[in-house]
Structure formats: structure tokens, C-alpha cells
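These numbers come from a predicted model, not from an experiment.
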Amino acid sequence: MPPSDRATLPTPLPLTPEARAWLDTALAKIAADPATIRTLFPAVRRHCGRAPLPDGRTVDEAARALLLAALPLRDQPLVDEVSALHRYGDPAEQRAVLRALPQIDRGGTGRFLDLVRQTLRGNDITLIEAALGPYAAAHLPADEFRQAVLKCVFCEIPLAHVAGLDDRADAELVRMLSDFARERTAAGRPVPEDIAPLVNRVRPFTTTPGAE
């Protein structure tokens, strides 16, 4: 899909007429000069608000996704521009970038995977959740995906928030989660309730040390 077409994706956003006019103008500016996104991207929340949407995003996240989709760039220039917005953005802007990755990487190249990896090295729970969306599910190598799931368990992020987990869970991940659960039990600490259903899909779950 050409960059100019990506910005015309359906956007049923609950915007005021003033906010809609601002967003339309911003999209046109970015299409004409991609560098303008550097000042427009941070201004989205102020002009469009942050009301929640039925899909779990907020209005500003959805509007920022449209700005990213309007960039008339390809390949490395697109990666560079998006990476800079993520690097210098506040947490809300970074979440918007992470959640928009499937939309802006239309070819499914995985070229933005470094942004996911950078986020997973941090400790901001909201950013980790945003990073472990459909993009990570589609592109993270198996060993990195397993480590990301384990980090969610340590950080008490519900596993239901990890996109693609049911499809990507394998025997090695089950082993890692089972070991984690037994270590917690041996230490007298509670085991997250969402581990057992995942493990039981592959083999019966027990927290008894040495049991299989």
C-alpha cells in the first residue's frame, strides 16, 4: 500500500469539528513535508484529546497512528523517522508508535523490531504491554518471545495482554513457566493464576518440586 493511501484508512474517531480540522491539516502537512511530523506528533493529545476507544486505544493513539501512516517515506528513511519519534517521545507517544507498527510496516518486514526490543529492556509496564502486540507476535524470534512472556510474569502483566500467546506458546515456554511457578511455590510466594491455563494446554500443571 503506497504511503499516500495508508493515511486514508477508516478512522471513526470521536473528534470535535475543530479537532477533525486540525487532524486533516496535520495529515496534509506530513504528506507534503514528512519533517513536520516532529512537531505535530507531540501536539496530538492537546488538539484531539485522549478519550478511550472501544478497541482499547485512546483517541490520541489512533490519531498519531494516522500521522505515522501519512509519512510519504519508505525503507530506511521511514525507519529513521519513526525511530526518532519513539526515541524522543514521552511514554504516550512511544505507546502510540509501538501500537502503530503493524500499520506502518505494511510489508511485514520486521524492520521496526528494534523498537520492540528497546522497550522490552525497560521496566515501564504500559510500554511493555504496547510492545507485545501483534507486531511482536509476528516478528519476535522464539527465544526472545519466551523471555518477553517471562518478563510479563515477573512484572505481573496479565498474560492475556500478550498478543499471539496462544499460537506461539511452545514446550520450552511451558518449561520456563513451570520452573518459575515451582520456584515461587518453594519460596512461599503466590503463583500468578494465568500461568496454569497456558501450561495445561501442553501438559498437566503442578507446582510440586520435581513433578512433571
Side-chain angles (χ1 to χ4, degrees), residues 1-15 18-51 53 55-122 124 126-141 144-145 148 163-164:
M1 181 180 291
S4 59
D5 293 339
R6 291 201 304 262
T8 63
L9 294 171
T11 56
L13 299 183
L15 297 175
E18 294 78 11
R20 173 64 65 182
W22 182 88
L23 181 58
D24 288 344
T25 299
L27 292 170
K29 288 181 178 179
I30 292 168
D33 179 4
T36 59
I37 197 172
R38 299 167 194 171
T39 55
L40 294 168
F41 199 74
V44 169
R45 178 171 285 188
R46 184 169 70 254
H47 290 280
C48 298
R50 54 180 178 180
L53 296 174
D55 63 4
R57 296 182 298 170
T58 56
V59 168
D60 57 313
E61 286 176 356
R64 284 176 170 138
L66 289 174
L67 298 191
L68 291 168
L71 283 168
L73 302 172
R74 295 182 182 276
D75 303 324
Q76 195 58 44
L78 178 61
V79 173
D80 292 343
E81 193 66 55
V82 172
S83 297
L85 291 172
H86 179 270
R87 182 181 311 113
Y88 300 115
D90 64 20
E93 293 164 40
Q94 292 176 341
R95 283 193 298 273
V97 170
L98 293 166
R99 288 178 173 151
L101 293 181
Q103 183 177 335
I104 57 179
D105 188 8
R106 281 285 171 174
T109 64
R111 68 177 81 235
F112 296 100
L113 202 51
D114 279 350
L115 299 184
V116 174
R117 291 179 172 126
Q118 291 170 26
T119 303
L120 293 177
R121 288 194 289 268
D124 187 314
T126 65
L127 292 177
I128 293 172
E129 287 187 5
L132 290 176
Y135 196 79
H139 299 291
L140 266 183
E144 295 180 52
F145 186 82

Self-check item: R95: which of D124, D90, T126, D60 passes side-chain hydrogen bond (donor to acceptor under 3.5 Å, both in side chains)
Solution: T126
Practice problem: Could you walk me through whether R45 and R64 pass side chain to side chain contact (heavy atoms under 4.5 Å, CB included), step by step? | Solution: CA-CA 9 Å; R45 178 171 285 188; R64 284 176 170 138; 4.1 Å; yes
Quick check: do [X] and [Y] have side-chain heavy atoms less than 4.5 Å from each other?
X	Y	result
E81	I37	yes
L66	C48	no
V44	L23	no
L68	I30	no
T58	L53	no
T109	H139	no
L13	R20	yes
L98	F112	no

Please name the pair of heavy atoms, one in [X] and one in [Y], separated by the smallest distance, quoted to 0.1 Å.
X	Y	result
G133	A163	C-CB, 3.3 Å
W22	L40	CH2-O, 3.7 Å
A130	R99	CB-NE, 3.8 Å
I104	A69	CG2-N, 4.0 Å
P34	P72	CB-CD, 3.9 Å
T119	A131	CG2-CB, 3.7 Å

Self-check item: Any donor-acceptor pair under 3.5 Å from R106 side chain to Q103 backbone
Solution: yes
Exercise. Could you tell me whether the side chain of Q94 and the main chain of H86 form a donor-acceptor pair under 3.5 Å?
Key: yes
Self-check item: For Q118, the option from L120, L115, V116 that meets side chain to side chain contact (heavy atoms under 4.5 Å, CB included)
Solution: L115
Self-check item: Flag if over 12 foreign heavy atoms under 6.0 Å of CZ, R111
Solution: yes
Quiz item: Can L101 and L113 be said to form a side chain to side chain contact (heavy atoms under 4.5 Å, CB included), step by step?
Solution: CA-CA 9 Å; L101 293 181; L113 202 51; over 6 Å; no
Quiz prompt | Verdict with supporting geometry, V59 and R50, side chain to side chain contact (heavy atoms under 4.5 Å, CB included) | solution = CA-CA 5 Å; V59 168; R50 54 180 178 180; 5.9 Å; no
Quiz item: Out of curiosity, L27 CG to K29 NZ, how far, rounded to the nearest 0.5 Å?
Solution: 11.5 Å
Exercise. Start with the C-alpha distance between L71 and V82, add both sets of side-chain angles, then the distance that settles side chain to side chain contact (heavy atoms under 4.5 Å, CB included), and finish with yes or no.
Key: CA-CA 9 Å; L71 283 168; V82 172; 4.2 Å; yes
